[in-house]
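What follows is one structure encoded as structure tokens, with my remarks underneath.
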Amino acid sequence: MALSKQEIAQRIAQELQDKWYVNLGIGIPTLVANYIPKNIDVVFQSENGMLSMGPFPIEGEEDADLINAGKQTVTILKGGSLFDSALSFAMIRGQHVQLTVLGAMEVSQNGDIANWKIPGKMVKGMGGAMDLVASAENIIVAMMHTDKSGASKLLKRCSLPLTGVNCVKKVVTNLAYLEIKNNAFYLIERAPGVSVEEIKAATEGTLIVEGEIPEMKF
Amino acid sequence: MALSKQEIAQRIAQELQDKWYVNLGIGIPTLVANYIPKNIDVVFQSENGMLSMGPFPIEGEEDADLINAGKQTVTILKGGSLFDSALSFAMIRGQHVQLTVLGAMEVSQNGDIANWKIPGKMVKGMGGAMDLVASAENIIVAMMHTDKSGASKLLKRCSLPLTGVNCVKKVVTNLAYLEIKNNAFYLIERAPGVSVEEIKAATEGTLIVEGEIPEMKF
Amino acid sequence: MINKVVNNAQDALLGVENGMTFMLGGFGLCGIPENCISELVRLGVSNLTCISNNAGVDDFGLGLLLKKHQIKKMISSYVGENEEFERQMLSGEMDVELIPQGTLAERCRATGAGIPAFYTPAGYGTEVAEGKETREFNGKMYVLEHAFNPEFAFVKAWKGDTAGNLIFKGTARNFNPMMAMAGKITVAEVEELVEAGELDPNQIHTPGIFVQRIFQGKDYEKRIEQRTVTQKS
Amino acid sequence: MINKVVNNAQDALLGVENGMTFMLGGFGLCGIPENCISELVRLGVSNLTCISNNAGVDDFGLGLLLKKHQIKKMISSYVGENEEFERQMLSGEMDVELIPQGTLAERCRATGAGIPAFYTPAGYGTEVAEGKETREFNGKMYVLEHAFNPEFAFVKAWKGDTAGNLIFKGTARNFNPMMAMAGKITVAEVEELVEAGELDPNQIHTPGIFVQRIFQGKDYEKRIEQRTVTQKS
């Protein structure tokens, strides 16, 4: 069965490594924080100027001066720090953040990503996404494999304005975990109960299937 | 009679204006701080990371962690701030400092300055001088008019490696106060008792003398 | 000590004119110069170019200036959460330049730091880089980005002193320190204005040299855009 | 919280090798990483390239490494006050690159901030600009300067916590924060090491993300180069 948004987040959380600084985008990526493996320490960076971002505050303790990049009230954990936007993006561009997880509207088989603009329709802006994808060594995209009409979002070429080029290395969708290399999507794991055929049918870009493809484990 | 170093500093201090941030170089420029006109407020910037630099500490209160750009122990006044070298030179390059006073080995009539290197002899480095002269809108050079052998230090062209080009606008020497424009030194004031002829004789560069040249007033 | 104190927003905004370019601090509604924005609305200056990470919401922040059609052009990284904004943008009434958030922050800093241009990887290969110079360094492609040239910068701090030194609180710091560096005239409004000497010089976020005018703000709303909480267990 | 604490200078310098490029914080003898320098002397690593604003004095700071001929090249802005240095430089035993202090600071910051290159006015028309690209912006000439690529950065802070957060004191801050950003491995030695949570997150100068290893320093001399005082009146 296809993964829920929570399960996508849960699968991505398995990729976290000890001592990593991690930036989580809005949407599914935010949920990753709920599934950090017990035996590792990671620190969440919020690009509006915080390290060691914690959970939402207890009701009544919200502070208008302490929000995350999604403008939600949050808390800061022990060992955290606060800083300005220039230093925050110095961390990002300077590759001090080990992992970026973000959503996408489209991903192409050469690692391009589009997630900020639908011409004439949605023009909210890229926020920090362009800096993040242009800088991060390690980017995981969390997304649905197809749009509401069933059209694939894993494409030969993106049709929407790009956020970044040749940057995405891993994609976790509701159907599969895929790696991008050699101008193709390599199928690494299937969602439990989802067949390779279903994934093939939902992928417009070149899909490489090598050997037996295991199911994800949770 | 030619000015003492103290008097050169005293003459330069008359150029200070209310609400100016000022960077004073090592040597004669440092002495300018002793002659600030009573009715104005100025703030001294030390490029190693301090605003509102105060006088030397009272004996016994020296702090190894509070020095000026000349590595001397100093104090910090009320309203002061401490910062890193990048922000310090952001202030300087960004023209937030209204006046730079520094020494020179040579100045030329087009406003070039040489004060950091004598090839094969003195190679201590430029410190912050190149940033200061390349950035400041308002630079006053404090220097002796001639070297120990009597050779002019106000030249048609500098012979030593340059610190900056076309940047010096005013020079105060032991003999005179001069402005640099139109590729010449304009004589503005004489040191008390020093004749125009003496200044002419001590100036290798083009010296313009227009009308009666007044003596400096202290 | 050079005293930077003015009485109020009215005095602080002296010299503000139609057609000027402003920087305004804040991220979302967090750390925005509420008093300065109110005064800009009251003055009714128009044809403004505003550089600000976001554009407020319909009835608060820069949304108040939008509603009165005072803004000719917005330079931002993210402008969602604002229907009137979207309407003016899509209808072409207002010009919008969207730039990556890190590029925006760095361009503000460059403006104040006397750096006319720098290279950044953000936006390479996208429409953001169209018409811009690109260049390879160590096998990676970068885009040349330039400093801004704003007449005024309006920032909001938590505490400030009479010498113009500022301390920000929490994530309300965001763009405020770089914008404070960048204004030809920088106006700082603060929640608490104290005498010079009361703030620890070692803890100043923005040294007073960058601030031309400072005033004690009033009636702060400090609205929360997304109130998210954990239920007491 | 990610714990960055190591036991001592010995553990902190694990991986240091001959021929590497290091950044070392400090201005004069103020804010220099005394413990790390001692350990470099003890290790006897040689052929080093050292990026540091100054080169210490004959018997302290980087002067200790110079005396043992461990440094192949110095990149600094000012190297006076050191006779052995001058001897090695003039005799050609050691290579020296002198660069403007503000350019040095900005290049360190650029290194840590993912900015491969930027334009600065400093040094235009001088031998510092020889062989470098120059360019006009708004009628003024600038020089293109590049980021560094150091293996290690050694910095000294006043207080630090187990998460690697640093607070500097007075003018001992100087180059330390930018160099902390720039090291592939950044080692911080501190006068006082405290538990995470003891430092106010709003007052951190260097966030822990930039620091890979931190340790409690010992036996600080904190020498004063020019002891200048005002006599009690």
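Treat the numbers as computed from the prediction; the structure is a model and nothing was measured. In what follows, chains carry the letters A, B, and so on, assigned in the order in which the sequence lines appear, proteins first and then strands, with residues in each chain numbered from 1.
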Chain C: which of A:Gly125, A:Pro57, A:Gly49 shares the most heavy-atom pairs with it under 4.5 Å?
A:Pro57
Under 4.5 Å to a heavy atom of chain A? For C:Met89 that would be side chain
C:Ile99 versus chain A, heavy atoms under 4.5 Å apart: side chain, backbone, both or neither?
backbone
Any luck finding a side-chain donor-acceptor pair between A:His145 and A:Thr203 under 3.5 Å?
yes
In terms of heavy-atom pairs under 4.5 Å with chain A, the winner among C:Pro121, C:Gly31, C:Ala55, C:Gly102 is C:Gly102
Only pairs of heavy atoms separated by less than 4.5 Å count here; which of C:Thr230, C:Thr126, C:Leu98, C:Val96 has the most with chain A?
C:Thr230
So which part of A:Asp112 gets closer than 4.5 Å to some heavy atom of chain C, the side chain, the backbone, both or neither?
neither
Among A:Gly128, A:Ser88, A:Ala114, A:Ala129, which has the most heavy-atom pairs under 4.5 Å with chain C?
A:Gly128
Of the backbone (N, CA, C, O) and the side chain (C-beta and beyond), which part of C:Asn54 lies under 4.5 Å from a heavy atom of chain A, both, or neither?
side chain
Chain C contact via A:Ile92 - which portion, at a heavy-atom distance below 4.5 Å
neither
Quick one: do A:Asp65 and C:Lys222 make a salt bridge, cutoff under 4.0 Å?
yes
Can you tell me which of A:Met50, A:Lys124, A:Lys121 forms the most heavy-atom pairs within a distance under 4.5 Å of chain C?
A:Lys124
Bottom line for A:Phe89: the part with an atom under 4.5 Å from chain C's heavy atoms is side chain
Output the option from A:Ser85, A:Gly164, A:Gly60, A:Ser135 having the highest count of non-hydrogen pairs under 4.5 Å with chain C.
A:Ser85
So which atom in A:Val32 and which in A:Ile12 form the shortest heavy-atom distance, rounded to 0.1 Å?
CG2-CG2, 3.9 Å
Kindly say whether C:Ser77 contributes a backbone atom to a donor-acceptor pair with the side chain of C:Gln101 at under 3.5 angstrom?
no
Among the listed options A:Leu162, A:Ile58, A:Thr75, A:Thr73, the residue most often paired with chain C at heavy-atom distances under 4.5 Å
A:Thr73
Does the pair C:Glu189/C:Lys156 count as a salt bridge with the N-to-O cut at 4.0 Å?
no
Work out which heavy atom in A:Ala142 is nearest to a heavy atom in A:Val101; give both atom names and the distance.
CB-CG1, 4.4 Å
Are C:Asp161 and C:Lys4 within salt-bridge range, i.e. N to O under 4.0 Å?
no
Kindly say whether C:Met178 contributes a backbone atom to a donor-acceptor pair with the side chain of A:Asp84 at under 3.5 angstrom?
no
State whether C:Phe27 and A:Lys71 meet the cation-pi test: NZ (Lys) or CZ (Arg) under 6.0 Å from the six-membered ring centroid, and within 45° of the perpendicular axis.
yes
Report yes or no: is the cationic atom of C:Arg135 (NZ for Lys, CZ for Arg) closer than 6.0 Å to the six-membered ring centre of C:Tyr142, at no more than 45° off its axis?
no
Chain C interface, residue from A:Ser46, A:Ala69, A:Ala90 that has the most non-hydrogen pairs under 4.5 Å
A:Ala69
Does C:Lys184 make a cation-pi contact with C:Phe152, if we ask for NZ or CZ under 6.0 Å from the ring centre and within 45° of the axis?
no
Which region of C:Glu221, side chain (C-beta onward) or backbone (N, CA, C, O), has a non-hydrogen atom less than 4.5 Å from a non-hydrogen atom of chain A, or is it both or neither?
neither
Most contacts with chain A, counted as non-hydrogen pairs under 4.5 angstrom, among C:Met141, C:Arg227, C:Arg223, C:His205
C:Arg227
Region of A:Glu47 that comes under 4.5 Å of a non-hydrogen atom in chain C
both
